[in-house]
Amino acid sequence: MPELPEVETIARKLNASLAGSRILSVDLRWERSLAEPSPAEFVRRLNGQTFEQVSRRGKFLHLSLSADHMLIHLRMSGDLQVVSGVHLPEKHDRLVLDLSGDRCLVFNDTRKFGRIWLVKDPDQVLGKLGPEPLADDLTVQVFQKRLGERHRQLKPLLLDQTFLAGLGNIYTDEVLHIAKLHPCLLSDSLSEAQVEKLWLAIRDILQEGIRRKGSSFDRVYRGGDFQNHFRVYGRAGLVCPVCGTTIERMLVGQRSTHFCPNCQPGKDG
DNA sequence: CACGAGACCTGTTCGC
DNA sequence: TGCGAACAGGTCTCGT
């Protein structure tokens, strides 16, 4: 499910509700959700700690504790929320923390792809991530230099978290449509004007996603409504909102990719 | 370095 | 209706 705007939305919500909460008990219900340390050490170390702050880096949730850092990646189907009162564990709950104040922190993850780390130094996990797309120091100039250093198709490059941290399959398709760039264009072939369009589109789309509190699919994540404003993602066979041409779907780097052949022509278009 | 295939998982939707 | 195939918001590892 979650890309940068969804993770940001969850982080803000958790930060407001979790700060100061003390962990009273730890119920790790699926051990393989834990990347490190061992389950026994995880439970022992976590017990009694207090949450201080929740933030986001790329698609990672960063939960600062009194003596450790808990990092959580939701991958495809993960969700993390605070629930009040008694929580009866549900089928796909992978971690449940009993908290002070009669609440629980629940990590629910149908497909079991999500991962949890408990570490002393968050850089152990976050160290390889590329820049934050919305950070002030990612200027057009810096972005242009990074694009030029690679020779890759735009879509897989934008999905590469060591190149840029936070874009996923939905937002990448939306970004390329706004920027009027074909997903298969090579990163070192763009004009200065095209680079600037791409840079602006990334910022615009992510900010719109955050403003709309992300996208909601199925019943995994509640709250956001960006899914009602997709321009191309999931809209193959429907018309492009800009020019009316039928939107197409193709595979790029094994990922389903949606684009407007008129707005986003390839090199022969 | 770039890229494709396969793995990791469960659930829903699609096509016959 | 039934059943298998295809597909889903992500990432890792291995081979070429």
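Here is the naming used below: chain letters follow the sequence lines, and residue numbers restart at 1 for every chain.
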Using the P atom on both, measure dA6(C) against dG6(B) and round to a whole Å. 13 Å
Given dC3(B), dG9(C), dC9(B), the nucleotide with the shortest approach to the side chain of Ser215(A): dG9(C)
Please state whether the phosphate of dG11(B), meaning OP1 or OP2, lies under 4.0 angstrom from any side-chain nitrogen or oxygen of Lys91(A). yes
Protein-nucleotide distance (Leu74(A), atom CG; dT10(B), atom C1'), rounded to Å: 16 Å
When rounded to whole Å, the CG to P distance for the pair Leu157(A) and dT11(C) reads 14 Å
Compare side-chain N and O positions of His92(A) against OP1 and OP2 of dC9(B) and report whether any pair is under 4.0 Å apart. no
With rounding to the closest Å, how many angstrom separate the P atoms on dA5(C) and dA7(B)? 15 Å
Taking CZ from Phe163(A) and C1' from dC1(B), how many angstroms apart are they, rounded to a whole number? 15 Å
Taking atom types as modelled, is there a side-chain donor on Ser187(A) or Gln153(A) under 3.5 Å from an acceptor on the other? no
5′-ward residue of the pair Gln254(A)/Arg150(A) relative to DNA chain B: Arg150(A)
Could a donor-acceptor pair under 3.5 angstrom be found where the side chain of Arg111(A) meets the base of dA8(C)? yes
Would you mind telling me which of dG11(B), dC3(B), dA8(C) lies closest to the side-chain atoms of Arg152(A)? dC3(B)
Considering only heavy side-chain atoms of Arg75(A), the closest of dC12(C), dG9(C), dA2(B) is dC12(C)
Can a side chain N or O of Arg249(A) be found less than 4.0 Å away from OP1 or OP2 on dA8(C)? yes
Donor on one side chain, acceptor on other, Asn108(A) and Asp93(A), under 3.5 Å: yes
Ile170(A) side chain, from C-beta outward: closest of dT10(B), dG9(C), dA2(B): dG9(C)
If we count only N and O atoms by modelled type, under 3.5 Å, do the side chains of Arg115(A) and Ser33(A) hold a donor and an acceptor together? no
Would you classify Tyr171(A) as touching base, sugar-phosphate or nothing, given that sugar-phosphate means primed atoms plus P, OP1 and OP2, and contacts are heavy atoms under 4.0 Å? nothing
Of the listed dG4(B), dG10(C), dC9(B), the closest approach to the His73(A) side chain comes from dG10(C)
Arg255(A) side chain N/O closer than 4.0 Å to the phosphate oxygens (OP1, OP2) of dG10(C)? yes
If you take all heavy atoms of Gly168(A) and Glu3(A), which pair is closest and at what distance? N-OE1, 2.8 Å
Leu159(A) has an atom CG; how far is it from atom P of dG4(B), in whole Å? 13 Å
To the nearest angstrom, the CG-P distance between Leu158(A) and dG9(C) comes to 16 Å
OP1 or OP2 of dA8(C) versus the side-chain N and O atoms of Ser77(A): is any pair under 4.0 Å? no
Starting at atom CG of Leu186(A), determine the distance to atom P of dC3(B), rounded to an integer number of angstrom. 8 Å
Which of these nucleotides, dA5(B), dT10(B), dG9(C), is closest to any side-chain atom of Lys112(A)? dT10(B)
Separation of dC9(B) C1' from Asn108(A) CG (nearest whole Å): 14 Å
Could you tell me how far dG4(C) sits from dC9(B) if I compare only their P atoms? Round to whole Å. 22 Å
Separation between the P atoms of dA5(B) and dC7(C), rounded to whole Å: 14 Å
Heavy atoms only, 4.0 Å cut-off, all strands: where does Arg115(A) land among base, sugar-phosphate and nothing? nothing
Assess the side chains of Tyr171(A) and Glu208(A): does a donor N or O sit below 3.5 Å from an acceptor N or O? no
Are the ring of Phe113(A) and the six-membered base ring of dT11(C) within the stacking cut-offs of under 5.5 Å and under 30°? no
Measure from CG on Asp109(A) to P on dG10(C) and round the result to the nearest Å. 13 Å
Do the side-chain N or O atoms of Gln161(A) get closer than 4.0 angstrom to the phosphate oxygens (OP1, OP2) of dG10(C)? no
Minimum-distance nucleotide (side-chain atoms of Gln153(A) versus dG10(C), dC3(B), dA8(C)): dC3(B)
Phosphate OP1/OP2 of dT11(C) contacted by Lys59(A) side-chain N/O (<4.0 Å): yes
Shortest non-hydrogen contact from Gln49(A) toward Leu65(A): OE1-CB, 3.2 Å
Of all the heavy-atom pairs spanning Pro261(A) and Thr246(A), show the shortest one and how long it is. CD-O, 3.4 Å
Pairing partner of dG9(C) (Watson-Crick or G-U wobble, both distances under 3.5 Å): none
Applying a 3.5 Å limit to both distances, which nucleotide forms a Watson-Crick or G-U wobble pair with dC9(B)? none
